Amino acid sequence: MIGQIANRLILSVPVLFGVLLLGFLLLQLVPGDPAVVIAGPAAPPEVLDAIRQEMGLDQPVMVQFWNYLARVASGDMGRSLISNKTVLSELGGAIIPTVELMVACLFWSIPLGIGMGTVAAVKRGSIADRIVMALSVGGVSLPIFFICLLAIQFLGVYWPIFPFIGRGGPVWTYDGFMHIVLPAVSLGLIFIGPVARMTRSSVLEVLKLDHVRTARAKGLSERAVILRHALRNALIPVVTLVGLQAGYLLGGAIVTETIFSWPGIGRLAVGAILSSDFPVAQGTILVLALAFIVINLIVDVLYALLDPRVQG
């Protein structure tokens with residue numbers, strides 16, 4: 001397992017390099033001048049030229065990129081053009097809320113999706129199976145912004161049960177828990193459908209295998225057969241799906257954070273792009289790429305735990 005993790009980390013290096021290059025070039029194409037953002041549109045040309053020279057914006061693009069790589073490698077990601085705070089401090093204040101939102105979303109959506117898919121597989125063709133599949137298709141079809149707006153409309157306005165603006169504090173506090181419910185539920189609803197459908201298909205395939213029939217022949221209860229022998233093997237493709245859906249979930253988190261004014265990485269990225277705060281925007285792109293790599297690394301570790309053959 002250690003060798004597999006090391007190989008994954010080595011392969012992550014060119015991925016990060018490509019993300020840094022793509023993010024840098026994309027932001028070069030975005031309309032806006034950092035010098036104008038700092039000094040204002042009414043600044044005289046000589047002031048703007050001095051700011052560009054100080055920031056190295058008068059150099060060729062590739063020279064700027066290599067200088068940017070050198071700063072990132074040394075832990076210096078620059079300063080925000082708007083707040084004048086370091087990018088690391090801006091990211092540090094936004095990472096924890098995003099982690100809270102992602103964990104809260106996965107904490108309830110993955111077990112519920114696996115449970116729904118297992119029930120649908122065991123009761124194939126029944127009303128329960130059809131209800132689970134209908135809910136799964138509905139969850140996949142509805143866009144995340146529409147789900148967020150429905151949650152705000154019914155659970156925040158018509159029935160003011162949960163607050164829907166901002167973050168009330170750490171998730172383990174009462175205010176923090178109440179504020180995270182609607183964003184976590186809205187984001188998790190788009191995740192349940194794919195997990196339930198994949199679990200159902202995988203469990204149906206595993207139930208046909210010889211070792212499951214052997215377990216039943218030994219006199220084990222149906223619950224023991226499902227939980228001990230069928231579900232564990234069926235979870236391997238589900239884990240694959242979770243890893244593949246991570247990027248989509250991160251994209252949904254950006255929309256969710258923006259709608260609910262959740263002070264996370266996604267909202268910070270949107271604000272930085274809209275205000276032409278290039279250093280912060282580059283930092284958020286890097287953090288999102290790192291999050292995707294870490295999630296896939298966790299998926300590889302779960303592979304080895306679920307199927308010992310992968311360790312070899």
Side-chain angles (χ1 to χ4, degrees), residues 19 23 75 77-112 143-152 155-157 160-192 242-243 245-275 277-298:
V19 169
M77 302 183 69
R79 287 184 171 273
S80 169
L81 303 181
I82 304 300
S83 65
N84 200 33
K85 297 179 181 178
T86 63
V87 174
L88 288 178
S89 64
E90 294 274 11
L91 295 175
I95 286 178
I96 293 179
T98 295
V99 171
E100 287 181 350
L101 178 59
M102 297 292 288
V103 171
C105 164
L106 298 177
F107 179 78
W108 76 274
S109 62
I110 291 181
L112 182 58
I144 180 60
F145 74 87
F146 184 69
I147 295 175
C148 293
L149 294 178
L150 284 180
I152 292 174
L155 298 179
V157 178
I161 302 174
F162 300 104
F164 53 88
I165 297 178
R167 174 174 176 259
V171 69
W172 56 84
T173 63
Y174 176 78
D175 287 340
F177 174 79
M178 294 297 289
H179 278 78
I180 204 174
V181 168
L182 287 186
V185 169
S186 301
L187 186 59
L189 286 176
I190 68 172
F191 203 70
I192 293 177
V242 171
Q245 289 286 319
Y248 183 65
L249 191 63
L250 289 172
I254 294 176
V255 178
T256 304
E257 290 179 358
T258 303
I259 292 177
F260 287 99
S261 298
W262 190 262
I265 294 293
R267 184 167 180 260
L268 181 65
V270 172
I273 293 173
L274 293 178
S275 61
D277 196 345
F278 299 104
V280 175
Q282 290 170 339
T284 56
I285 292 174
L286 178 59
V287 168
L288 292 175
L290 285 173
F292 190 81
I293 291 173
V294 169
I295 291 174
N296 281 274
L297 180 61
I298 295 174

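Numbers for residues simply follow the sequence, beginning at 1. Computed from a predicted structure; not experimentally measured.
Under the salt bridge (charged side-chain N to carboxylate O under 4.0 Å, His left out) criterion, Arg167 pairs with Glu100, sequence neighbours left out. Under the side chain to side chain contact (heavy atoms under 4.5 Å, CB included) criterion, Leu81 pairs with Pro34, Val37, Ile38, Met55, Asp277, Phe278, Pro279, sequence neighbours left out. Residues passing the side chain to side chain contact (heavy atoms under 4.5 Å, CB included) test with Val103, sequence neighbours excluded: Val99. Residues meeting the side chain to side chain contact (heavy atoms under 4.5 Å, CB included) test with Pro111, sequence neighbours left out: none.
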Verdict with reasoning, Leu101 to Glu257, per side-chain contact (heavy atoms from CB on, under 4.5 Å): CA-CA 9 Å; Leu101 178 59; Glu257 290 179 358; 3.8 Å; yes

Audit row: Ile192, Trp108, side-chain contact (heavy atoms from CB on, under 4.5 Å) steps and yes/no: CA-CA 9 Å; Ile192 293 177; Trp108 76 274; 3.2 Å; yes

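Sorted by first and then second residue, the salt bridge (Lys or Arg N to Asp or Glu O under 4.0 Å) pairs with a member in residues 81-93 form an empty list; sequence neighbours excluded.
A donor-acceptor pair under 3.5 Å is formed between the side chain of Ser109 and the backbone N or O of Cys105.
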Please list, one pair per line, the donor and acceptor atoms closer than 3.5 Å that link side chains of residues 259-274 to other protein atoms, with sequence neighbours excluded.
{"unit_1": "Trp262", "atom_1": "NE1", "unit_2": "Pro97", "atom_2": "O", "d": "2.9"}

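Looking at heavy atoms from C-beta onward, Leu155 lies out of side-chain contact with Val185 at the 4.5 angstrom threshold.
Within 6.0 Å of CD1 on Ile96 lie no more than 12 heavy atoms contributed by other residues, nucleotides or ligands.
The CD1 atom of Ile147 lies 12.5 Å from the CD1 atom of Ile152; values are rounded to the nearest 0.5 Å. With rounding to the nearest 0.5 angstrom, the CG atom of Leu290 is 4.5 Å from the CG atom of Leu286. How far CG of Leu182 is from CZ of Phe162: 6.5 Å, rounded to the nearest 0.5 Å.
When all heavy atoms are compared, the tightest approach of Leu106 to Phe191 is CD2-CE2, 3.8 Å. Taking all atoms of both residues into account, the shortest heavy-atom contact from Ser186 to Ile144 is O-CD1, 3.3 Å. Nearest heavy atom pair, residue Val280 against residue Ser80, reads CG2-CB, 3.6 Å. Contact between Ala289 and Val19 at its shortest, heavy atoms only, is CB-CG1, 3.5 Å. Nearest heavy-atom pair, His179 versus Ile165, reported as atom, atom and distance to 0.1 Å: CD2-O, 3.4 Å. Heavy atoms only, all atoms of each residue included: Cys148 and Thr256 are closest at SG-OG1, 3.9 Å.
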